[in-house]
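To keep things clear, I will list the structure first and then write my remarks on it.
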Amino acid sequence: MSAVVGRRVALGMLGAGILGGGAALFAVQRASGPAVGAVTATPVAAVTPTPAPTPTPTLSPTAAPSPEPSTTPTPTSSAGPVLEKVPLPGGSITELPGEGNLLAWTVDDGSNGEVIRLYTEFAAATGTRLTYFLNGAYGGWADNAELLRPLVQSGQIQLGNHTFDHADLTSLSDSGVIDQLQRNHDFIEATYGVDARPYFRPPYGYHDDRVDALAASIGYTCPVLWYGSLSDSGLITPEQVVGFAERWFLPQHIVIGHLNFLPVTEVFGRLGEIVAERGLQTVTLDDVFAK
Ligand SMILES: [Zn+2]
């Protein structure tokens, strides 16, 4: 769908910073032509990539797209949203399908254990649903395991695979790609008791057909990219974080943030207000997609 292709232009500016610095390359990735096209083939007016917020005031939780009309709603936990899940498209995803009020707020890395702790406490206090794409090499993931594990077990926080130590997968040998994903997979399973498949986020957004095929060979069939960034993989000010949230917390977006620097933790209240003011409902990927 041309609307989707057009978005790649907008994506090019998103990944500024140390760890998210792959913006330009990300924009030219093969990424998700067929996959996202398949998703937007649901009865959806192609959403144009206008940065203007479109608050959707009276959305019910079942406003999510449902290409399978008679699926039974499947809550992921007693506290979770009741959504009709849609089939996971093949290939990578950059946004959530259809029209609705859903926001997939995802956060990556975890180089600062204090940020992991504070994000998790924010989620626990507010019910915000998040997806963490973690690198098991960072000690904060083991340090915060007891705090985080109940939220992971309930499904409020989903864990995705971001490689073990934030490798650029396109630069590795075939066995190196497998090792990065499998090692992190094993860490997540051992530490949190969950299976992160099929979702992985390639560091810097760098992936190609070879990487995707290798990942899929061990069950990681869905590269998760993004359509909007808090741009906090490097150090920016709390006000800048808020500015990026105002720009990108929009319906059906997958937004990327980072568990690396403290400023975001100073503005959780404001970020929560933006979600509420716009009538958005935070979701994990498992809330949206059937496996
Ligand atoms: Zn990262």
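Numbers for residues simply follow the sequence, beginning at 1. Keep in mind the model is a prediction, meaning the values are calculated, not measured. Atoms within each ligand, like the ligands themselves, are counted from 1 in listed order. Computation of the quantities below employed the complete heavy-atom set of this structure, encompassing side-chain atoms and omitting hydrogens, waters and symmetry-equivalent molecules.
- A donor and an acceptor atom, one from each side chain of N184 and H162, are nowhere located under 3.5 Å apart.
- The distance from the Zn ion (ligand 1) to the nearest N/O/S atom of H258 is not under 2.8 Å.
- Of all the heavy atoms in L230 and W105, the pair that sits closest is CD1-NE1, 4.2 Å.
- Among heteroatoms of the N, O or S kind in D109, OD1 lies nearest the Zn ion (ligand 1).
- Using a 4.5 Å heavy-atom threshold, the side chains of F187 and L134 count as touching.
- The distance from the Zn ion (ligand 1) to the nearest N/O/S atom of D108 is not under 2.8 Å.
- Salt-bridge check for E239 with R270: failed, with every basic side-chain N at 4.0 Å or more from each acidic carboxylate O.
- Angle NE2(H166) to the Zn ion (ligand 1) to NE2(H162): 100° [nearest 10 degrees].
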